[in-house]
Student: 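This is the structure I have questions about; it appears just below.
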Amino acid sequence: MQTIGIALLGVGTVGSAVARTLQEKGDELARQTGMQLVVRWGMARHPERVIAAGLPEQAATTSLDPILEDPNVVVIVEALGGEEPAATYMKRALQAGKHVVTANKEALSKHFAELVAVAREQQRALLFEASVGAGIPLMASLRQLLSVNRIERIRGIVNGTTNFILTLMAEEGVPYHDALREAQRLGYAEPDPTADVEGLDAAYKLSILASLAAGQHLHPDRIDRRGITSVTPDQILDARTRGGAVKLIAEALRKDEEWELRVHPIFVPGSDLLAHVRLNLNAIELTCDRVGTVVLYGPGAGPAPTAAALLADVIDAVRFGPALLPEVEATS
Ligand code: HSE
């Protein structure tokens, strides 16, 4: 049995869900994988968070340094969220010879090419299954598809919070602010939910998916973006009476060698599968030149599915190291 030391950067909703999952399932995972995962550090501004997550007091740190200096830490799980200091910390972790696993769509989408280049240089893993579609095995499927296919189009619902709000408004007439509060209570929303409702979170996720399909970093700033705040309750209810739904759709379309990228709320007719994706579920259609269209559907937000995806990545990081690194070239 191998013992694998891990460190959690960030012990908020996601980080503490990782700690909890390991407390509940660590032994079962060890039997399945031959790896006993041990949380050696929890980095948080407030040490109480670390203790509240069921970790020992001596695991608490406010600084990255002891983690990087600990030779027993093999994998760093980045669950800080936000661009900085997360991006810099991930880079430093890779440079210190640690594998990095992240759920952070903002930092990854803004620094994708650079982080992949550092990981390659250092021959370390950089895995990010949890960053898009939480529990949906999206990156694993994309890797498989991309080894033979060219992806022509990506289209889907990639933000659980806005989909949850739109569903409650349409089906139960719940006012916008009440629906948002409920999404926050359930742990779906970003710490600042503006990122959800203004479509930023969806843009980060689309940027990651499209960059993988393009083999080139497509920065989220390039995305034409509109959130759900401009949608009225009447429009949402009217869509329902017409048999469809208003959905926040993220779309990337290959046009020769250019990509058109947009995130916007639109009317989706009932004949379209995406109209029936409810609550915090996500669905992503990948249109491939050989396989045709594949749809991946499942829980796209929430602490439990996100933690499960992060832990699966920890196991893959140890098993495969840099072998799963994607091709993401920097754009000139
Ligand atoms: N706030 C995000 C969402 C969390 O609602 O989709 C999962 O990335």
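Whatever order the structure lists ligands and atoms in, that order sets their numbers, starting from 1. One is the number of the first residue; the rest follow in order along the sequence.
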Student: For the pair Arg31 and Asp27, find out whether any cationic side-chain nitrogen is under 4.0 Å from an anionic carboxylate oxygen.
Tutor: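 Asp27 and Arg31: not salt-bridged.
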Student: Any N or O on Thr161 sitting closer than 3.5 Å to an N or O of ligand 1?
Tutor: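 Between Thr161 and ligand 1 (N or O atoms, distance only) the closest approach is under 3.5 Å.
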Student: Looking only at heavy atoms of Gly300, does any of them come nearer than 4.0 Å to an atom of ligand 1?
Tutor: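 Contact present.
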Student: Quick one: which ligand 1 atoms are inside 4.0 Å of a heavy atom on Lys105?
Tutor: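 Reading through ligand 1 atom by atom, the close ones are 2 (C), 4 (C), 7 (C), 8 (O).
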Student: Taking the six-membered ring for Trp and the single ring otherwise, decide whether the centroids of Phe128 and Phe112 are under 6.0 Å apart.
Tutor: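 Between Phe128 and Phe112, the centre distance is under 6.0 Å.
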Student: Which pairs with one or both residues in residues 261-274 pass salt bridge (Lys or Arg N to Asp or Glu O under 4.0 Å), sequence neighbours excluded?
Tutor: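 Those involving residues 261-274 are Arg155-Asp272, Glu251-Arg262, Glu260-Arg262.
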Student: I need the atoms of ligand 1 closer than 4.0 Å to a non-hydrogen atom of Asp196, numbered in the order shown.
Tutor: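 So the answer, numbered in order with elements, is 1 (N), 2 (C), 3 (C), 5 (O).
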Student: Show me which atoms of ligand 1 lie under 4.0 Å from any heavy atom of Lys205.
Tutor: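 Matching atoms, with element in brackets: 2 (C), 3 (C), 6 (O), 7 (C), 8 (O).
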Student: Only one of Val11, Leu55, Val50 forms a side chain to side chain contact (heavy atoms under 4.5 Å, CB included) with Val39, so which one is it?
Tutor: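 For Val39, the side chain to side chain contact (heavy atoms under 4.5 Å, CB included) check succeeds only for Leu55.
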Student: How close does the nearest protein non-hydrogen atom get to atom 2 (C) of ligand 1, and which residue and atom is it?
Tutor: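 Closest protein heavy atom to atom 2 (C) of ligand 1: Glu190 OE2, 3.2 Å.
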Student: With nothing but distance in play, are any N or O atoms of Gly160 less than 3.5 Å from an N or O of ligand 1?
Tutor: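 Between Gly160 and ligand 1, an N or O pair is found under 3.5 Å apart.
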Student: Considering only heavy atoms, does Asp201 approach ligand 1 within less than 4.0 Å through its side chain, its backbone, both, or neither?
Tutor: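 The part of Asp201 near ligand 1 is the side chain, not the backbone.
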Student: Indicate yes or no for a side-chain donor-acceptor contact from Asn104 to the backbone of Ala86 under 3.5 Å, with no hydrogens or angles considered.
Tutor: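 No; zero donor-acceptor contacts below 3.5 Å.
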Student: Can you list the residues that meet the ring pair (Phe, Tyr, Trp, His ring centres under 6.0 Å) rule with Tyr89, with sequence neighbours excluded?
Tutor: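 Ring pair (Phe, Tyr, Trp, His ring centres under 6.0 Å) list for Tyr89, sorted by chain: empty.
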